[in-house]
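Model, not experiment: these values are computed from the prediction.
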Amino acid sequence: MKLPTAFIEKYRQLLGDEADAFLASFDQPSCSGFRINPLKNGQPTATIKTAQGKIEYVADGWFGKVDGKSLDHTAGWVYSQEPSAMYVGEVVDPKPGERVLDLCAAPGGKSTHLIAKMHDEGLLVANEIFRKRANILAENLERWGAKHAIVMNESPAELEKQFPQFFDRILVDAPCSGEGMFRKEPAGIEYWTPDYPSECANRQQKILSSAMKMLKPGGTLVYSTCTFAPEEDEQNAAWLLDNYDLTMEPIQKYPGMDDGRPEWGNGNPELTKAVRLFPHHLKGEGHFIAKFRLQGDLSETAGSKPSAKKNKKNRKKGNSRSAITKEQRELFEKFARETMPSYQVNHLLTYGDQLYDLPKGIDDISQMTVLRPGLHLGTFKKNRFEPALAWALASQPDETANVLIIDHDQWRQYVHGDTLSISGGKPGWKLLVCEGHVCGWGKLVGQTLKNFYPKGLRF
């Protein structure tokens, strides 16, 4: 790999005797991995068979690649994620029932990890400032089967106005110079200049400033990057300690993980509590993680609610939130009674003709730019309700008597968009299950199963 001369010189000076091994690691192949979804009832046997071993520091992590067109992937049983990046979610370690913010969340690897560790209980706000990336984030959380996650498309500066001292835990996996991902994404080398890390560090401090306004006293902040640059790593960790009433929390280090380097920051020995993942020491790409605790008692702000300050952003026409009408409620309740009688509704709301279930822990999102306000339940059509794929993927086979078992060949026809010929069976909506995987909805009319797999996902 052709690295910039200034990059090579910088890390020869910083790493000394380690530099040769560090620089040689860029010519090694990048490392792939995946996590198993503990929210599903079962093991993705087909994907595990192709794995290259367990990842020691991630309970559900494996080395290996995922087939993006496999049943395991499309049904949300696995998530492809770079192994070093997986350790961030382990360090955040959110608990069921907490309110958690993933501030720079796309494409969703860390968000899916967080909601899994929360057992999908509590509230996860996954935010991404760029609309296209936020849409990908929403798709990944839906495939994962998350019920108690909200996807937002806001700037951190705008978000801080809505959530003062609101979150128990905040992850800032900051946009960075990407040095740790050069061998996985070589195009990042083209953007690198000697000044780029400092420019990124300045942006990161603005994001962190917003995060601190949203963190409860006693709450946890995790700051991570996928770069080696001290300007963005130890120096920003030192900046946080100097400017806020924070203490650093020790991070468990597994074999091959390095301490943070105080000499690359301001010399504060507390910086050793951070963790550095170097590709010449650990099987994975480059990462930096630091964990902080804000002084105070979490109970001081336990009852806080997000404020409803006026947001002047234009919203797409027809995408504004409104209360569910009596007619819509009757259509939904008829479907739920017949097909998903065990589903417990929290707070129904509509965006245009789309129905969502807003998680507990947040009351008012009317002034926020929200892409996914909780679980997408379905769409209202003329005189009928059609369930969404997201609701299917967030369900278990035992939640309805209206299950239709299909084989692998039928599943391939289904994801291709074909209708299926089914002999016998009661007509109506069916939750489709293939090899234990809930994979979508179909509607049985006579001996024909009508296909409701979204057209944009078919292959």
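- Classification of the F26-F22 ring pair by plane angle, with boundaries at 30° and 60°, yields perpendicular.
- Judged by distance alone, the side chain of T350 and the main-chain N or O of D353 form no donor-acceptor pair under 3.5 Å.
- A donor-acceptor contact shorter than 3.5 Å is absent between the side chain of T369 and the backbone of E154.
- Counting heavy-atom neighbours within 6.0 Å of F130 CZ, excluding the residue itself, gives a total of 12 or less.
- Considering only heavy atoms from C-beta on, D67 stays 4.5 Å or farther from T50 through its side chain.
- A donor atom on one side chain and an acceptor atom on the other are found under 3.5 Å apart for H280 and E18.
- Residue-environment remark: NE2 (H416) stays at or below the threshold of 12 foreign heavy atoms within 6.0 Å.
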Q: Go through Q367 and Q162 one step at a time and tell me if the side-chain hydrogen bond (donor to acceptor under 3.5 Å, both in side chains) criterion holds.
A: CA-CA 8 Å; Q367 306 303 322; Q162 308 290 347; over 6 Å; no

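- A 4.5 Å side-chain heavy-atom check between L208 and Y244 finds every atom pair outside the cut-off.
- Under the 3.5 Å distance criterion, the side-chain polar atoms of E142 are left unmatched by any main-chain donor or acceptor of H376.
- In the model, Q295 has a side-chain atom that pairs as donor or acceptor with a side-chain atom of T247 under 3.5 Å.
- Contact check for L457 versus V415: no side-chain heavy atoms found under the 4.5 Å cut-off.
- In summary, the aromatic rings of F7 and F182 are positioned with their centroids under 6.0 Å apart.
- When atom types are taken as modelled, the side chain of Y57 and the backbone of K253 share no donor-acceptor pair closer than 3.5 angstrom.
- A heavy-atom distance below 4.5 Å is found between the side chains of M214 and L103.
- More than 12 heavy atoms of other residues, nucleotides or ligands sit less than 6.0 Å from atom NZ of K54.
- Panel note: side chain D120, backbone I115; no donor-acceptor pair is recorded below 3.5 Å.
- Side chain to side chain, E249 and T220 fail the donor-acceptor criterion of an N or O pair below 3.5 Å.
- For the pair N37 (side chain) and V78 (backbone), a donor-acceptor distance under 3.5 Å is absent.
- Counted by atom type alone, D233 and T225 present one or more donor-acceptor pairs between their side chains at under 3.5 Å.
- Within the 4.5 Å cutoff, no side-chain heavy atoms of L159 are placed close to those of S210.
- For E263, the CD atom is densely surrounded, since the number of other residues' heavy atoms within 6.0 Å is greater than 12.
- In terms of modelled atom types and a separation under 3.5 Å, the side chain of D168 and the main chain of V100 share no donor-acceptor contact.
- Side chain of R276 to main chain of R261: no donor-acceptor pair is present (N/O by atom type, distance under 3.5 Å, no hydrogens or angles).
- Counting only heavy atoms from C-beta outward, the side chains of P197 and K10 approach each other to under 4.5 Å.
- Look at K110 and D102 and you find no salt bridge, because none of the NZ, NE, NH1 or NH2 atoms lies under 4.0 Å from a carboxylate O.
- Under 3.5 Å, the side chains of H437 and D72 contain a donor-acceptor pair of N or O atoms.
- Contact annotation: the side chain of V151 never approaches that of S111 to less than 4.5 Å [non-hydrogen atoms, C-beta and beyond].
- When atom types are taken as modelled, the side chain of Y79 and the backbone of G109 share a donor-acceptor pair closer than 3.5 angstrom.
- Contact check for L123 versus H148: no side-chain heavy atoms found under the 4.5 Å cut-off.
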